Each structure stands twice: as structure tokens, then as C-alpha cells.
Protein chains: 2
Amino acid sequence: MSPKVGVAPLRREQIVRATIRCLARDGYAGLTMKKVARTAGVSQGILHYYFADKRAILVAALAAVTADLDRRVATAQARGSREPRTRLRALITACLRLAVEEREFWIVFVEFWGEMMHDRRLRAINAALYERMRRQIGTLIAQGIRAGTFRRVDRLQAAAVILALVDGVSLQLTFDPKAFGIATAVQFCEDALTRFLGKEAS
Amino acid sequence: MSPKVGVAPLRREQIVRATIRCLARDGYAGLTMKKVARTAGVSQGILHYYFADKRAILVAALAAVTADLDRRVATAQARGSREPRTRLRALITACLRLAVEEREFWIVFVEFWGEMMHDRRLRAINAALYERMRRQIGTLIAQGIRAGTFRRVDRLQAAAVILALVDGVSLQLTFDPKAFGIATAVQFCEDALTRFLGKEAS
DNA sequence: GGTTCTTGATTGGGCGACCAATTATCATCG
DNA sequence: CGATGATAATTGGTCGCCCAATCAAGAACC
């Protein structure tokens, strides 16, 4: 059934990439195996050689998108300073930039939100992503608290609030791009963050 | 083609209601005219008597969902006190409660986010909703500023941030209901709000 | 009795999945 | 090194199904 190893996980990636492009172009409801095959430049039959069914391709697509977000955040973290405040800002900026720079990925991500409620596997992938994010942010917050930069808060709950803010702002950025640009968005998050975590208001 | 007036916009509402239930149950991709008809307890043919096509039904469904949110907010506002701070809290609570109490509507709303990016009409309905919300919140903020309760902020931008927070928190509430309940969510928004708009930290 | 409303069967098309046949890959061995 | 055969990869066509949309005919209404 499934190919063994090594030879061509390239094909899988190629197919997943095409799937993401199709989802971004035509939406979840408009996704067909035919379009994916055409976009990937392969035959229809091959899709079922590398994936059990359409659902499996979608799962792989969501996994790819979340992996990309992970990678972006990790890169931003690796480059930044050691200061918790700065690292936290870098993390948030990395997330917000996704919605602007990697528009295809972000669109697909939002589309999956709608389908998660009807598919356990999609839900699990998303839950794992948010779990990782909460832990990362939580760690930064804990460091900030220890360093005296932040006030004492429940680190995981604060992380959840920050994630919520980032998601919401990204959505606004997507649906009302004229309301404010990414620079303003980052500034907002920054401001909200300062006031939410800071020990004192200006 | 289309029915004149009066006699049975009941049917339209009945169909829209069934559509929303189907969307919440099976998702956007799983929506079929047959299911809608069955759920509404009518024949398939009648759907095309009251609506031009499937798309028109979906547009009506989104309109219904947004109208419900408007109604909820209006009710919460009418009941509350005159104090901007209190009214703002009531508005936010009303939005958050949607995600918990009217779960079907909220699920459908999220599903539409994914499709908006591929349909102008859906996008327009959503944009109008957020426009209204921003204006309402903006007005409350302006009152608060005038009354000296809030610090001076760009009212519309602050409104956008609040909406973003509410959307994001609602999402978290949906996907990770174990992370925190609605009470905590309201508390968070309240806290974030106090620090974001307040003149001073505790 | 004419208009509005409703039905359920029909239609043509596109879907996901499947598969037999073909080609490419590559380790093995003469 | 070059031929060989097994296995992996790929194709394009086919299958049955179900979809949205249509429509002629009938029912309900006033």
C-alpha cells in the first residue's frame, strides 16, 4: 500500500504543497483530488498511492502548516536576545507576520478552524500546536516574572490570553486590512502586552 | 421566481435555521441541499423556490448568525447601566457567551471565516458586522474617555483590539474548553481591558 | 379559478476511490 | 560492466455514487 521509506517523501511533500495552494485558492469546500493532482503536476491516481484518502491529505496539510508556524517561531526565538520581554515580542511578531507574509498558510489555517470541529485528528493537531505555544510563552513569562520584568500571573493562562490576542489580531488583519497594518498590529499587541504583564502603567 | 412578500418568510427562516443546524452538525464541506431539506422537514425542490441557489442560502445563514449576535449585544446593552465601563463589560460578556451558550451559531460563524476569503458577499456581511461592533465599542470608549474613566486612546483602534481579543478568547474557549471556562475568560478580558484602557494599574 | 406554494422524480455532471497496465528504479549476478 | 528480473512508482481510464439544479404536475389557498 504505502511506500516504504526514503525514496520519495518528496512526492508527499509535493502533494501536500499543492493541497495547501489549492485550499488557499479555492477554499475547503472547493478542494478536489483532480485540482490537487493538476496543481502538483501529477496524475490523480498517485494521490491514493501516497495517501489513504482525501482526509489523510488534509491531515498532512494541517500538519505542514503547523510545522511551518513552529519553524517560524523557533527561528525568531533563536535569533533574538536572551531577555524574556524581547523574546516574547519576537514570538508574537513571528506569529503576526505569518498572517501577512505567508498569506496562503494563514488562510488555510483559518479554513481548518472550521473543519476541526468535525474531525478529531485535525483537532488533535491543532491542540498540540497550541499546547506547544502555550508552554513556550509560559516559559518566557515565568522567566520574566523571575527577572522581575512581569507581574505575577498564572503563566499558562496568560499565555492563552496572548495567543488569543494574536489569533484575533491576525483575523482582523486578514478581514479588515485597511483598518490597520501589521506595524500597527504589532504595536497594539506590544501595548496590550505591556499593560497586561507589566508591573505598572505609564 | 422569488415569492413576493409576507405570506411565508417563515419558510425562509425555517430553511435558514435548518441550514445553520446542518452546518454545525456536519461542517461546511458536508452541507448538502438534501440534508437541509430533511432537517427543515420540507422537500428538496422548495429550497430553490425560496433561494436562487445553495450560495444564497449560505449568505442568508451568515446574515442570520450575525443578526443574532447583533441582537444579543443590543439586549445586553439595553439592560445594563449607563456607565461606559459596565456597558463595555456587558458587551464583551455577551460576545463571549455566544461561543458557549449558542454553540451552534458560533461554530457556524467560525466555519464562515474560512469561506469568506473566497466569497465577496460573505466577506461583506462580516465586514459590516465588525464595522458596527467597532463603532459601538468606539462610542463606549469615547464616553469613557470623556468621563475620565479611560486613558486617551484611538477609539476605533482600541475597539479593534478588543474585538480581536474577544474573537481569540472565544476560539480558545471552543478548542480548549478545559484550559479555562467562560468565567475565567470573562475575567481575563476584564483584566486585560482594565490594564489596556485603565488610567492606572492596581 | 387563478395564483401561490409544494412535491418528488429526473438530469447531467463531477466527485472520490479503485485498478489494470505501464514505466522507472535498482540490486543482483552472469 | 551490462543484462535481468523483482519491486516501486506512475498513469489514465473506469466505477458507482451523490450532488445541485430543474421541472412538470399537483395541492392549498383566497
Side-chain angles (χ1 to χ4, degrees), chain A residues 1-23 25-62 108 111-112 114-115 118-119 121-122, chain B residues 1-23 25-62 108 111-112 114-115 118-119 121-122:
Chain A
M1 298 286 167
S2 201
K4 299 298 166 183
V5 279
V7 197
L10 300 169
R11 272 279 178 283
R12 285 182 68 96
E13 193 190 319
Q14 180 185 9
I15 292 169
V16 167
R17 205 182 292 270
T19 304
I20 292 172
R21 198 171 314 164
C22 284
L23 282 173
R25 197 204 311 122
D26 307 325
Y28 202 100
L31 185 81
T32 69
M33 300 294 267
K34 194 174 170 183
K35 284 181 188 172
V36 172
R38 264 186 67 89
T39 304
V42 294
S43 72
Q44 276 195 62
I46 211 171
L47 301 186
H48 287 90
Y49 182 75
Y50 287 101
F51 294 92
D53 52 14
K54 191 182 177 185
R55 236 175 160 211
I57 298 185
L58 287 166
V59 169
L62 178 57
V108 171
E111 283 169 356
F112 272 114
E115 293 304 313
H118 313 288
D119 188 312
R121 291 156 77 192
L122 296 180
Chain B
M1 299 287 167
S2 201
K4 298 297 167 187
V5 278
V7 196
L10 300 170
R11 272 277 179 281
R12 284 181 68 97
E13 192 190 319
Q14 178 185 11
I15 292 168
V16 167
R17 204 181 293 268
T19 304
I20 292 171
R21 198 171 315 163
C22 284
L23 282 174
R25 197 203 310 121
D26 307 325
Y28 203 99
L31 185 82
T32 69
M33 301 295 266
K34 194 174 170 184
K35 284 181 187 172
V36 172
R38 264 186 66 90
T39 303
V42 294
S43 72
Q44 278 194 60
I46 211 172
L47 301 186
H48 288 90
Y49 182 76
Y50 287 101
F51 294 93
D53 53 14
K54 190 182 176 184
R55 235 173 160 215
I57 298 185
L58 287 166
V59 169
L62 178 58
V108 170
E111 282 169 356
F112 272 114
E115 294 304 313
H118 313 287
D119 189 311
R121 291 156 79 193
L122 297 179

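Being a predicted model, the structure only gives us computed values, none of them experimental. Chain letters run A, B, ... following the sequence lines, proteins first and then strands; every chain starts at 1.
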>> Taking salt bridge (Lys or Arg N to Asp or Glu O under 4.0 Å) as the definition, give me every residue that meets it alongside B/Arg25, ordered by chain and number, with sequence neighbours left out.
In response: none
>> The criterion is salt bridge (Lys or Arg N to Asp or Glu O under 4.0 Å); which residues satisfy it with B/Arg55, sequence neighbours excluded?
In response: B/Asp119
Can you list the residues that meet the side chain to side chain donor-acceptor pair (under 3.5 Å) rule with [X], with sequence neighbours excluded?
X: B/Arg11; answer: B/Gln14
X: B/Asp53; answer: none
X: A/Arg121; answer: none
X: B/Glu115; answer: none

For [X] and [N], what is the distance between atoms [atom1] and [atom2] respectively, to the nearest whole Å?
X: A/Phe51; N: C/dC18; atom1: CZ; atom2: P; value: 16 Å
X: B/Arg12; N: C/dC5; atom1: CZ; atom2: P; value: 12 Å
X: A/Leu10; N: D/dA8; atom1: CG; atom2: C1'; value: 15 Å
X: A/Arg38; N: D/dG12; atom1: CZ; atom2: P; value: 12 Å
X: B/Ile15; N: C/dC5; atom1: CD1; atom2: P; value: 12 Å

> Can a side chain N or O of B/Arg11 be found less than 4.0 Å away from OP1 or OP2 on C/dT6?
Replying inline: yes
>> Looking at A/Tyr49, I'd like to know whether one of its side-chain N or O atoms comes within less than 4.0 Å of OP1 or OP2 on C/dC19.
In response: no
> Is B/Tyr50 close to B/Val16 at the side-chain level, that is, under 4.5 Å between some pair of heavy atoms?
Replying inline: no
>> Within the structure provided, determine whether B/Phe112 and B/Leu58 are in side-chain contact (heavy-atom separation under 4.5 Å).
In response: yes
>> Can you tell me how far apart OG1 (A/Thr39) and CG (A/Leu23) are? Round to the nearest 0.5 Å.
In response: 10.0 Å
Table please: side-chain donor-acceptor pairs of residues 26-37 of chain B below 3.5 Å, with sequence neighbours left out.
residue: B/Asp26; atom: OD2; partner: B/Lys35; partner atom: NZ; Å: 3.4
residue: B/Thr32; atom: OG1; partner: B/Lys35; partner atom: N; Å: 3.1
residue: B/Lys35; atom: NZ; partner: B/Gly30; partner atom: O; Å: 3.0

>> If the helix axis at each end comes from five base pairs, how far does the helix from C/dG1-D/dC30 to C/dG30-D/dC1 deviate from straight, to 10°?
In response: 10°
Please tabulate, one pair per line, each protein N/O and nucleotide N/O from nucleotides 22-24 of chain C that are separated by under 3.5 Å, including the distance.
none

Protein-nucleic acid N or O pairs under 3.5 Å, nucleotides 18-22 of chain D:
residue: D/dA20; atom: OP1; partner: B/Leu31; partner atom: O; Å: 3.4
residue: D/dA20; atom: OP1; partner: B/Met33; partner atom: N; Å: 3.4
residue: D/dA20; atom: OP1; partner: B/Lys54; partner atom: NZ; Å: 2.9
residue: D/dA20; atom: OP2; partner: B/Met33; partner atom: N; Å: 2.8
residue: D/dA21; atom: OP2; partner: B/His48; partner atom: NE2; Å: 3.1
residue: D/dA21; atom: OP2; partner: B/Lys54; partner atom: N; Å: 2.9

> Under the side chain to side chain contact (heavy atoms under 4.5 Å, CB included) criterion, do B/Tyr49 and B/Ile15 qualify, and how do the steps go?
Replying inline: CA-CA 11 Å; B/Tyr49 182 76; B/Ile15 292 168; over 6 Å; no
